[in-house]
Amino acid sequence: MLKTLYIRDAFKCGEDSEVELIGWVRSKRRHGKLVFLDLRDSTGIIQIAVKQGIADSETFMKALDVGLESAVKVRGKIKRDARAPGGVELHCNHIEVFGPSLDGFPIRKGVGLKFLLDNRHLHLRSPKVAMIMKIRANLMDIARRWLRENGFIEVNCPTFITAAVEGGATLFKLDYFGRTAYLTQSVQFYQEAAIYSLEKVYSLQPSFRAELSRTRRHLTEFWHLEVEMAYADLYDIMKVIEELVYAIVSNLSKESEVELKALDKVVKPEMAEPPYPRIKYAEALQILQSKNVNINWGDDFGADEERILSKEFEKPFFVTHYPKEAKAFYHMPDPNDPSVCLNTDLLAPGGYGEIVGGGQRIHDYNLLLERIRENGLNVEDYRWYIDLRKYGSVPHSGFGLGIERMLWWLLQLPHIRSACLFPRTPTRVYP
RNA sequence: GCCGCCGUAGCUCAGUCUGGUAGAGCAGCGGGCUGUUAACCCGUUGGUCGGAGGUUCAAAUCCUCCCGGCGGCGCCA
């Protein structure tokens with residue numbers, strides 16, 4: 001192994017320890033016979049002091065000339081010094097530039113948003129981006145762990161599909177050896193098939209939406225955590241959502257403590273401690289109307305409505321029992337009031353809006369056929385999905401959670417694309 | 001799809017209202033500096049003003065169309 005010591009560990013080395021570090025030159029400050037380099041790796045940044053007299057003249061010249069973001073190996077002694085960032089620096093006596101920068105590194109102080117996005121492949125090197133990605137990795141790991149510990153089996157579903165979950169308008173169409181296929185926008189239907197074998201399933205994979213959405217909370221490709229559970233009704237699945245979201249928030253606050261602190265973000269278990277407030281659509285409508293919002297029964301809540309509602313709550317909250325016209329055909333109508341369905345959205349407080357959408361599915365064969373026809377959809381397109389209701393159909397519920405939406409809320413990011421390594425939006429599919 | 005804003009040097013922007021030979025800071029390059037914190041000081045290179053038409057003696061500037069981007073809405077996770 002070329003590399004033997006990480007920068008984070010170099011800070012723990014004793015005074016005058018002779019160490020070798022490998023990393024990238026993040027910045028350089030020249031003072032005649034003294035040069036400072038900031039050396040970066042995945043674990044941190046350390047200041048390298050190259051002084052003529054301590055370093056030989058060849059090493060000193062290399063330090064003078066090295067380009068930003070060059071990959072270098074440096075050797076020297078660890079020194080405590082109050083003037084160094086973090087109180088520790090390396091007094092360098094040898095440098096090897098084994099991966100030089102062939103040009104001036106384009107990412108500099110003051111560059112604009114468009115430039116950063118156009119150069120995302122280089123922007124990733126910023127410690128801030130790296131910290132968000134570490135938090136993201138923890139979030140996904142925590143979610144998987146919780147689901148596994150609670151008896152859910154991870155399944156992997158196809159990305160190529162032929163029929164839409166939500167309707168055709170938002171699908172990416174592609175050529176599949178002469179046939180028309182689409183990219184999945186949700187694996188829900190496949191998971192509904194899987195519960196007849198595995199009962200409790202989940203998957204974590206990308207979903208695609210061909211929506212020309214120009215907002216800070218939309219991506220065309222996002223990571224979708226979807227869960228489906230046999231024998232669960234609406235209230236059972238709400239409990240799963242609540243506990244899963246709490247597990248994510250409370251564990252993340254501990255397991256990503258270092259990164260959260262460095263980013264100056266506050267994530268605390270109390271932010272998501274169950275139980276979450278539960279209101280029905282009709283009650284939400286009353287709240288809005290009492291605040292003079294012009295909205296009528298049957299209208300879905302827009303961004304403004306979600307923002308106003310979310311100011312009423314300090315924690316995530318459920319909105320349930322939407323009018324069936326506002327929701328997709330597969331939602332189970334409420335037996336007590338068939339004009340609404342047994343669905344739920346989980347909205348984050350503070351204007352961040354919808355994080356989770358889900359509910360109970362129709363398991364009755366004839367009712368499903370009826371709802372498909374009522375929605376003007378072609379029964380043939382949904383043949384296999386309908387087929388599931390012909391053989392031992394059981395009540396079941398599920399939901400989908402947007403990974404980037406969750407990060408967007410928890411880290412209070414200005415835009416959801418900051419939650420992705422290479423975000424995909426309507427205007428951006430490169431790099 | 002609808003509404004608004006923007007496009008001038010490698011980057012960040014001024015100049016557009018009120019038409020008259022294209023500017024600054026940073027980066028780069030050359031030089032200086034032994035304690036900086038994405039340092040500082042001196043000098044210096046660098047532009048088909050997003051594209052195409054039009055008006056005018058004259059267009060970065062005024063008009064029309066197109067292209068690209070950003071933000072908001074709708075849609076959703």
Side-chain angles (χ1 to χ4, degrees), chain A residues 25-38 40 45-55 60 63-65 67-69 79 81-87 89 91 101 103-119 126-128 165-167 169-170 185-188 204 206-227 241 299-307 326-328 345-348 352-358 399-409 414-417 419 425-428:
Chain A
V25 177
R26 180 167 163 75
S27 69
K28 177 171 74 174
R29 295 173 294 281
R30 303 172 39 161
H31 298 264
K33 298 190 175 82
L34 168 65
V35 176
F36 292 111
L37 304 176
D38 289 344
R40 170 185 67 76
I45 297 173
I46 190 167
Q47 175 163 286
I48 312 295
V50 190
K51 294 186 185 186
Q52 212 169 48
I54 294 174
F60 187 75
L64 270 180
D65 290 341
L68 297 191
E69 288 300 323
K79 294 278 184 184
D81 192 319
R83 295 169 297 185
E89 64 183 14
H91 283 200
S101 285
D103 245 323
F105 193 68
I107 311 280
R108 279 186 275 263
K109 186 176 190 169
V111 296
L113 178 67
K114 180 185 190 302
F115 190 81
L116 288 176
L117 290 168
D118 286 342
N119 291 279
S126 100
K128 199 174 163 182
V165 173
E166 308 283 351
T170 62
Q185 54 184 190
S186 166
V187 298
Q188 178 193 323
L204 189 45
S207 283
F208 304 88
R209 302 278 165 93
E211 297 158 345
L212 283 168
S213 302
R214 322 186 44 84
T215 79
R216 63 184 66 185
R217 62 185 183 284
H218 283 90
L219 296 163
T220 52
E221 177 177 0
F222 67 96
W223 277 69
H224 210 170
L225 175 63
E226 293 181 85
V227 173
I241 294 169
D299 298 339
D300 203 351
F301 302 136
D304 289 343
E305 288 79 21
E306 281 191 357
R307 209 168 293 128
K327 291 288 162 185
D345 284 349
L346 184 74
L347 306 191
Y352 286 86
E354 192 174 345
I355 301 293
V356 175
F399 66 89
L401 178 153
I403 295 295
E404 292 87 357
R405 285 267 176 101
M406 187 91 184
L407 277 164
W408 178 60
W409 162 52
H415 198 296
I416 195 168
R417 65 187 157 215
T425 63
T427 54
R428 225 161 253 295

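Numbered from 1 within each chain, the chains take letters A, B, ... in sequence-line order. Please read these numbers as outputs of a predicted model, since none were measured by experiment.
Nucleotide B:A39 has no partner under the Watson-Crick or G-U criteria, as no pair reaches both atom distances under 3.5 Å. Base pairing of B:G28 is made with B:U44, judged by Watson-Crick or G-U wobble geometry with both donor-acceptor distances under 3.5 Å. For B:C75, there is no paired nucleotide, since no Watson-Crick or G-U wobble pair has both relevant distances below 3.5 Å. As the counterpart of B:C5, B:G69 is assigned, both hydrogen-bonding distances of the Watson-Crick or G-U wobble pattern falling under 3.5 Å. Of the nucleotides present, none pairs with B:A22 by Watson-Crick or G-U wobble criteria with both distances under 3.5 Å.
Rounded to whole Å, the distance from CD on A:Glu221 to P on B:A77 is 17 Å. For the pair A:His218 NE2 and B:G74 C1', the computed distance is 9 Å after rounding to whole Å. Rounded to whole Å, atom P of B:G28 lies 14 Å from atom CD of A:Glu69. Atom CD1 in A:Ile416 sits roughly 15 Å away from atom P in B:C70 (whole-Å rounding). Between A:Asp304 atom CG and B:G72 atom C1' the separation is 10 Å, expressed in whole Å. Straight-line distance from the NZ atom of A:Lys114 to the C1' atom of B:U8: 15 Å, rounded to whole Å. Spacing between atom CZ of A:Phe208 and atom P of B:C75 amounts to 24 Å, rounded to whole angstrom units.
For A:Arg214, the salt bridge (charged side-chain N to carboxylate O under 4.0 Å, His left out) test picks out no residue, with sequence neighbours left out. When the side-chain contact (heavy atoms from CB on, under 4.5 Å) test is applied to A:Asp118, the partners found at least two apart in sequence or on another chain are A:Lys114, A:Arg428. With sequence neighbours excluded, the residues forming a ring pair (Phe, Tyr, Trp, His ring centres under 6.0 Å) with A:His31 are A:Phe36, listed by chain and number. With sequence neighbours left out, the salt bridge (charged side-chain N to carboxylate O under 4.0 Å, His left out) criterion links A:Lys33 to no other residue. Listed by chain and residue number, A:Gln47 satisfy the side-chain contact (heavy atoms from CB on, under 4.5 Å) test with A:Pro85 (two or more places apart in sequence, or in another chain). Scanning for salt bridge (charged side-chain N to carboxylate O under 4.0 Å, His left out) contacts around A:Arg216 gives an empty result, with sequence neighbours left out. Under the ring pair (Phe, Tyr, Trp, His ring centres under 6.0 Å) criterion, A:Phe105 pairs with no residue, sequence neighbours left out. For A:Phe399, there are no ring pair (Phe, Tyr, Trp, His ring centres under 6.0 Å) partners at least two apart in sequence or on another chain. Taking A:Asp304 as the reference, A:Arg307 meet the salt bridge (charged side-chain N to carboxylate O under 4.0 Å, His left out) condition, with sequence neighbours excluded.
When heavy atoms are screened at a 4.0 angstrom cut-off, A:Leu113 is found touching the sugar-phosphate backbone but no base atom. Across all strands, A:Val35 comes closer than 4.0 Å to no nucleic acid atom at all (heavy-atom distances). Base engagement by A:Glu211 is indicated by at least one non-hydrogen atom pair under 4.0 Å involving a base atom. No contact: A:Gly104 has no heavy atom under 4.0 Å from any strand. Residue-level contact check: A:Phe115 touches the backbone only, with heavy atoms under 4.0 Å from sugar-phosphate atoms and none from bases.
Nucleotides B:C62 and B:G19 place their P atoms 9 Å apart, quoted to the nearest Å. Separating the C1' atom of B:U8 from that of B:U55 is a span of 22 Å, rounded to the nearest Å. When the C1' atom is used for both B:U12 and B:G7, the distance is 14 Å, rounded to whole Å. Annotation: B:C66 and B:G74 have their C1' atoms spaced 26 Å apart (nearest Å). Straight-line distance between the P atoms of B:G68 and B:G51: roughly 15 Å, to the nearest whole Å. B:C73 and B:C49 are spaced 33 Å apart, taking the C1' atom of each and rounding to whole Å. Look at the P atom in both B:G20 and B:G25: the space between them is 23 Å, to the nearest Å. Taking the P atom of each, B:G15 and B:G72 are spaced 25 Å apart, rounded to whole Å.
Counting only distance, with no hydrogens or angles, the side chain of A:Arg217 and the backbone of A:Tyr352 share no donor-acceptor pair below 3.5 Å. For the pair A:Arg417 (side chain) and A:Leu219 (backbone), a donor-acceptor distance under 3.5 Å is absent.
For B:G71, one of the phosphate oxygens OP1 or OP2 lies less than 4.0 angstrom from a side-chain nitrogen or oxygen of A:Arg417.
Side-chain contact between A:Val187 and A:His224 is absent, with no heavy-atom pair separated by less than 4.5 Å. Residues A:Asp345 and A:Lys327 meet the side-chain proximity criterion, which asks for heavy atoms closer than 4.5 Å. Contact annotation: the side chain of A:Met406 never approaches that of A:Val356 to less than 4.5 Å [non-hydrogen atoms, C-beta and beyond].
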request  = Between protein and nucleotides 33-38 of chain B, map the contacts as a letter string: B base, S sugar-phosphate only, - none, heavy atoms under 4.0 Å, written 5' to 3'.
outcome  = BBBBBB

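Mapping A:His415 and A:Asp345 onto RNA chain B via the closest heavy atom, the residue that lands nearer the 5' end is A:His415.
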With the criterion being N/O to N/O and under 3.5 Å, what pairs connect the protein with nucleotides 43-46 of chain B, and how long is each?
none

For nucleotides 1-5 of chain B, tabulate all protein N/O to nucleotide N/O atom pairs closer than 3.5 Å, reporting atom names and distance.
| unit_1 | atom_1 | unit_2 | atom_2 | d |
| --- | --- | --- | --- | --- |
| B:G1 | O6 | A:Leu212 | O | 3.0 |

